[in-house]
There are 2 protein chains.
Amino acid sequence: MRQLHHPNRDEILLSSVLYALSDPARLHIVMRLHDQDELPCSACSDLEIAKSTFSHHFKTLREAGVIFTRMEGRQRFISLRKEDLDARFPGLMESILQAAAEGKASH
Amino acid sequence: MRQLHHPNRDEILLSSVLYALSDPARLHIVMRLHDQDELPCSACSDLEIAKSTFSHHFKTLREAGVIFTRMEGRQRFISLRKEDLDARFPGLMESILQAAAEGKASH
DNA sequence: TCATAAGTTCGATAACTATCGAACAATAGA
DNA sequence: TCTATTGTTCGATAGTTATCGAACTTATGA
């Protein structure tokens, strides 16, 4: 757990990003990061999901290049990689977040 | 096979669309529809994939609301549901197709 | 030093998915 | 009517994924 892997901007793949965001729980996490600069992982613990499952989702998002995880003490802070995503896929996150905010994400 | 199911515009879900497009083969199919109004399914048969697998991908795309399948005789013509997708998720397909066209889709 | 807290990793399981070949259905054309 | 064409459906399999609880790691604070 010493080092958390983050892909470089150029390594971020569309397929991986779309896949990561196609899960309602993960999309929910990303929506929370929309307005915020940064959030502790624990900020999502109101969703009724086991913490090991959260960890799995964070890993999926992180390895897809969607979020950045900063380690500080025994907390981790996550943030949306807005600049990287927007540089690589202009307009993508904006349209996804807008649609999600309007409740068109799932069921 | 009498009727092919297509969701109404309002039933198209972001999660399902993102999932459908997160598969490289399906994204490839959608890219071919970008410039074209309509294509016969057979137009994708150069991809080295079994036809039953294609059928599966077409079904996934269709049920997610990404493509429309029109039956004519013994052929099926598929088209991108541009208007519906753009009405529901403004800018989404444009940004996805642009990124895909620049080769940022996968590996 | 010891207990607590925050997340990750492990092991297991159930569900889902991509893939294929074979069989099937429906239509067009000879 | 018979045959070839187009695509779907079926059955099977291998791989992947979401989920959980338990064990583990690291750091904080008493």
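So that the names make sense, note that chain A is the first sequence line, chain B the second, and so on, each numbered from 1.
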Q. CD of A:Glu63 versus P of D:dT16: gap in Å, rounded?
A. 14 Å

Q: May I have the distance from A:Leu61 (atom CG) to D:dA18 (atom C1'), rounded to whole angstrom?
A: 14 Å

**Q.** Any A:Ser42 side-chain nitrogen or oxygen under 4.0 Å from OP1 or OP2 of C:dA6
**A.** no

Q.
OP1 or OP2 of D:dA18 versus the side-chain N and O atoms of A:Tyr19: is any pair under 4.0 Å?
A. yes

(Q) As a test of understanding, state which of A:Thr69, A:Ile67, A:Thr53 forms a side-chain contact (heavy atoms from CB on, under 4.5 Å) with A:Phe58. (A) A:Ile67

Q: Could you tell me whether A:Arg9 and A:Glu11 have a side-chain N and a carboxylate O separated by less than 4.0 Å?
A: no

Q) Would you say C:dA25 has OP1 or OP2 under 4.0 Å from some side-chain N or O of B:Arg74? A) no

(Q) Could you go through B:Arg81 and B:Glu83, starting from their C-alpha distance and side-chain angles, then the distance that decides it, and tell me whether this counts as salt bridge (Lys or Arg N to Asp or Glu O under 4.0 Å)? (A) CA-CA 6 Å; B:Arg81 292 180 65 176; B:Glu83 284 190 22; over 6 Å; no

(Q) Output the rounded distance in Å from CD1 (B:Ile67) to C1' (D:dT8). (A) 14 Å

**Q.** Spacing between B:Ile29 atom CD1 and D:dG7 atom C1', to the nearest angstrom
**A.** 13 Å

Q) Taking CG from B:Leu39 and P from D:dG7, how many angstroms apart are they, rounded to a whole number? A) 11 Å

Q) Considering residues, nucleotides and ligands other than A:Asp37, do more than 12 of their heavy atoms fall under 6.0 Å from its CG? A) no

Q | Side-chain N,O (B:Ser52) to OP1/OP2 (C:dC20) below 4.0 Å | A | no

**Q.** Candidate nucleotides C:dG7, D:dT8, D:dG21, ranked by approach to the side chain of A:Arg76 - the nearest
**A.** C:dG7

Q: Starting from P on C:dT8, measure out to CZ on A:Phe77 and report it in whole angstrom.
A: 13 Å

**Q.** Euclidean distance, atom CZ of residue A:Phe58 to atom C1' of C:dG7 [Å, nearest integer]
**A.** 9 Å

Q: With rounding to the nearest 0.5 Å, note down the distance linking CD1 in B:Ile12 to NE2 in B:His6.
A: 10.0 Å

Q: Write down the distance between CE (B:Met71) and P (D:dG7), rounded to a whole number of angstrom.
A: 11 Å

Q: Name the closest nucleotide to the A:His57 side chain, picking from D:dT19, D:dC10, C:dA6.
A: D:dT19

Q) A:Glu72 or A:Ala25: which one's nearest nucleotide on DNA chain D is closer to the 5' end? A) A:Ala25

Q) Mapping B:Gln75 and A:Ile49 onto DNA chain D by nearest heavy atom, which one lands closer to the 5' end? A) B:Gln75

(Q) Less than 4.0 angstrom between a side-chain N/O of B:Ser55 and OP1 or OP2 of D:dT8, yes or no? (A) yes

**Q.** Along DNA chain C (nearest heavy atom to each residue), the more 5'-positioned of B:His56 and B:Lys51
**A.** B:His56

